[in-house]
Amino acid sequence: MARAIVHIDMNTFFVSCERLTNSELNGIPLIIGGGERGVVASCSYEARKFGVRSAMPIHMAMKLCPQAKIMKGDMELYSRLSHDITEIIQEKAPVVEKASIDEFYLDITGMDRFHGSYRWTDELAQRITKETGLPLTFALSVNKTVSKIGTGEGKQKQNLEIPEHLVQSFLNPLSIRKIPMVGQKTFELLSRIGIRTIQTLSEMPAESLQQMIGKNGTELWKKANGIDNTPVEPYTERKSISTEDTFSQDTIDVLKINRILQRMVEKLAYQLRAEQWLTSTVTVKIRYANFDTETKQCRVPYTSADHILTQTVIELFTKLYQRRMRLRLIGVRFSGLVRGTYQIDLFNDTEEMLALYQAMDRMKTRYGFDAVMRCAGASFKPNNKDEILKRKK
């Protein structure tokens, strides 16, 4: 039985959410992002016509489209509407994977036995738009790669159905940039040898491609040939991410504790960015030598930037630790998580800060977490390295 995989993409999601609450924003160039030194989190199609793109520095976007209206953005609103969409989809679809705050994969294999797969998906899409007021594009095909590429093309040609026998003819004329795993460096490398369309890439020997770009070469060749057996992973929302450390000896050394807390935050924040989460609630936990346990928490604007979270954690600890008694345990927890497609808080941070975090994260991913870190927590290595990951059941 041929698989039936749907990719749903909410069109310019942040912009659409803002327009839902303010009709005066309809039809005008709109940019969601930070101040003059910030970057673009999202932009309307009216702004894209001038060359504005996500992650572009705001000052550059304003040069391209000086008449655009800039808004800081409301992650709490976006998260709530994303949750509403998720509930509608989960009520109807047998298997759902939430890939980000505004995109979903559905496995509806076998649905055509009872109800045409495209018709079923179209009715679901209409219900989402009717109940939330938000536009979307979907594509139906045999795997996740083709469906995702299909939604990108569908934004110009409406919703698409790409049956198995038409997959290659659909992919062939498209630019290799359309393949999700092709970044700028890979595109430039392949372009230098004349590979610019998916057809040319699909006709290249897989072994040669692997020699050129490494272990991902074979996977890229498969995607160019419409081959992708990646399953749709059932969606479960993570509730929190946390870590704690029990000291080998009870301590009253506040400076040492602050360094440990900074190290904890840096590690957890890196994991948030790696898994594309943003947190809205920070909790600090302490346990005294007599086993009395206390916690204190506060809400913060959605973020995954450790320079913001560290300041919050240290302030919470200072307010919490009022009894001059030795401590045996400290812990940090981030909760109120929402999916995001950005590595840091694009609404508040500058392009320089964005570039710094991206560079640090690349080094951590390639060489390990300890490859680069902030000086304050560099000397601390926790006794208990196991992180407690709590998921919603």
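Sequential numbering from 1 along the given sequence is applied to the chain's residues. All values below come from the heavy atoms of this structure, side chains included, with hydrogens, waters and symmetry mates left out.
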Is the backbone of [Y] close enough, under 3.5 Å, to the side chain of [X] for a donor and an acceptor to pair up by distance?
X      : Y      : answer
Asn225 : Ile227 : no
Lys222 : Asp228 : no
Ser147 : Ile5   : yes
Ser82  : Ser79  : no
Gln322 : Thr318 : yes
Thr109 : Ala4   : yes
Gln168 : Ala224 : yes
Ser280 : Gly336 : yes

To the nearest 0.5 Å, atom CD1 of Ile88 lies from atom CZ of Phe104 at 9.5 Å
How long is the gap from CD on Gln199 to CG on Leu171, to the nearest 0.5 Å?
-> 10.5 Å
Step by step, work out the salt bridge (Lys or Arg N to Asp or Glu O under 4.0 Å) result for Arg287 and Glu244.
-> CA-CA 10 Å; Arg287 180 169 295 154; Glu244 59 184 38; 5.5 Å; no
Distance-minimising heavy-atom pair for [X] and [Y]:
X      : Y      : answer
Ile330 : Ile257 : CD1-CG2, 3.9 Å
Glu46  : Gly27  : OE2-CA, 3.5 Å
Thr129 : Pro135 : OG1-CA, 4.2 Å
Phe187 : Ser175 : CE1-OG, 4.2 Å
Ile31  : Met62  : CD1-SD, 4.4 Å
Val232 : Val96  : CG1-C, 4.1 Å

Which one of Asn11, Thr151, Asn159 satisfies the side-chain hydrogen bond (donor to acceptor under 3.5 Å, both in side chains) criterion with Thr137?
-> Asn11
Going through the distances and angles, do Glu123 and Arg119 end up as a salt bridge (Lys or Arg N to Asp or Glu O under 4.0 Å)?
-> CA-CA 6 Å; Glu123 289 178 356; Arg119 178 183 170 188; 3.3 Å; yes
Walk me through it: do Glu97 and Lys144 pass the test salt bridge (Lys or Arg N to Asp or Glu O under 4.0 Å)?
-> CA-CA 11 Å; Glu97 177 182 332; Lys144 294 169 80 171; 2.8 Å; yes
Out of Val6, Leu140, Ile108, which residue meets the side chain to side chain contact (heavy atoms under 4.5 Å, CB included) rule with Tyr118?
-> Leu140
Would a hydrophobic clustering, with Ile, Leu, Val, Met, Phe, Trp and Tyr connected at side-chain separations under 4.5 Å, put Ile195 with Leu174?
-> yes
Relative to the ring of Tyr78, is the ring of Phe14 parallel (under 30°), tilted (30 to 60°) or perpendicular (over 60°)?
-> parallel
Between Gln210 and Thr218, do the side chains contain an N or O donor and an N or O acceptor separated by less than 3.5 Å?
-> yes
List the steps and the verdict of side chain to side chain contact (heavy atoms under 4.5 Å, CB included) for Val284 and Tyr321.
-> CA-CA 10 Å; Val284 173; Tyr321 185 41; over 6 Å; no
Taking the side chain as C-beta and beyond, is there a heavy-atom pair between Val313 and Val282 under 4.5 Å?
-> yes
